[in-house]
Amino acid sequence: MISAGFSSALCVRPVVSFSNNIRGVHNHGRVTCLATSMSSASMTVAKDAEYELESRKYELLNIIQDTQRGLVTTADQRSTIEEAMVVVEGFDAGKEIDLSKLDGTWRLQYTSAPDVLILFESAARLPFFQVGQIFQKFECQNESRGGLVRNVIKWSVPRLLEENEGATLIVSARFSCVSARNIYLKFEEIGLQNINISDDLQAVIAPAILPRSFLSLQILQFIQTFKAQIPVTSPERQSVGGLYYLSYLDKNMLLGRAVGGGGVFIFTRAHALIC
């Protein structure tokens, strides 16, 4: 009896053990499939969100395309642009400024800032003044709470300087992060450089039919290498500053708002070296 009972026990245990193993393998397979499905679903949601964001950014850029960087807009257009900006800003709401993304050069695509629009208006009215591209160049790659920003304005005087790229005006400022999305700009100096005179002016200074003298070459070299820097601050006066809200930032788009009704800005990444 003992032998028979022992023998029966031996026969039963493997069956139970084998059944449990099969159930464990089956459950493990279900967990793996479930995890894979959840991962796949998460990837799909992320891709859909990324596609939605890029679509909204494209719509925003499409809306501002014919506004001449904000110079030619109606009240309805400005309202539509504002609504499109708010939609894009919603994708980045609450996130802290990533200075590694901010670092680099950004090209102005649209603004409602009065102090910039007056440049465009002057260029539209005055035949002797041209405004080319406008950039913001941030230098903050290895910084944690601020850095340097340069506002770069390309401008020209027709027949005297090369078209749109005749000279470069640079307004430099230090900036510091005062909150998750706000930076405070403290302007330091205004500079003028990269003067490229036109062929007509060169012909006046050194006529093509005559060999260029040492004096004419010196004049040309002086003009082309001229660089003026005017400090904005001094011991007698306080530095001019301003609060700037970075409402959206990614690798190829920057949206900003000058706090206090100073207007909005839309920039895209510029990959060429500027100054």
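Source: prediction; values computed, not measured.
Going from atom CG of Leu71 over to atom CD1 of Ile118 covers 12.0 Å, rounded to the nearest 0.5 Å. Distance check: Asn151 CG to Ser172 OG gives 8.0 Å after rounding to the nearest 0.5 Å. A distance of 12.0 Å separates CD of Glu83 from CD of Glu59, quoted to the nearest 0.5 Å. Interatomic distance, OH of Tyr248 versus CG of Leu53, reported as 4.0 Å (0.5 Å rounding). The structure places CD of Gln136 at 8.0 Å from CG of Leu108, a figure rounded to the nearest 0.5 Å. The distance from the OH atom of Tyr51 to the CG atom of Asp48 is 10.0 Å, given to the nearest 0.5 Å.
Enclosure of atom CG in Leu126 by more than 12 non-hydrogen atoms of other residues, nucleotides or ligands within 6.0 angstrom is indicated. No more than 12 heavy atoms of other residues, nucleotides or ligands sit less than 6.0 Å from atom CD of Glu50.
With contacts defined as side-chain heavy-atom distances shorter than 4.5 Å, the pair Val131/Arg69 qualifies. For the pair Leu254 and Leu246, the minimum side-chain heavy-atom distance is below 4.5 Å.
Taking 4.0 Å as the cut-off between side-chain N and carboxylate O, Glu188 and Arg174 count as a salt-bridged pair. In summary, Arg78 and Glu82 do not engage in a salt bridge, as defined by a charged side-chain N under 4.0 Å from a carboxylate O. No salt bridge links Glu89 with Arg56; every basic N to acidic carboxylate O contact stays at or beyond 4.0 Å. The pair Glu54-Lys251 fails the salt-bridge criterion, with no side-chain N (NZ, NE, NH1 or NH2) lying under 4.0 Å from an Asp/Glu carboxylate O.
For residues 61-84, no residue pair satisfies the ring pair (Phe, Tyr, Trp, His ring centres under 6.0 Å) rule, not counting sequence neighbours. Sorted by first and then second residue, the pairs that involve residues 109-132 and meet side chain to side chain donor-acceptor pair (under 3.5 Å), not counting sequence neighbours, are Gln109-Thr268.
Under the 4.5 Å side-chain heavy-atom criterion for grouping Ile, Leu, Val, Met, Phe, Trp and Tyr, Val264 is not connected to Ile183 through any hydrophobic cluster. Transitive grouping of hydrophobic side chains (ILVMFWY, heavy atoms separated by less than 4.5 Å) brings Leu119 and Phe265 into a common cluster.
For Thr168 and Gln193, the side-chain atoms include no donor-acceptor pair closer than 3.5 Å. With 3.5 Å as the limit, one finds a donor-acceptor pair spanning the side chains of Lys57 and Asn252. Inspection of the Asp98 and Ser100 side chains reveals an N or O donor paired with an N or O acceptor under 3.5 Å. Between the side chains of Asn182 and Tyr184, no donor-acceptor pair is found at a separation under 3.5 Å.
The ring of Phe138 has its center closer than 6.0 angstrom to the ring center of Phe175.
With sequence neighbours excluded, no residue forms a side chain to side chain donor-acceptor pair (under 3.5 Å) with Gln68.
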Report task. Kindly indicate, with the supporting measurements, whether the criterion side chain to side chain contact (heavy atoms under 4.5 Å, CB included) is fulfilled by Ile64 and Ile81. Result -> CA-CA 7 Å; Ile64 66 174; Ile81 292 168; 3.8 Å; yes
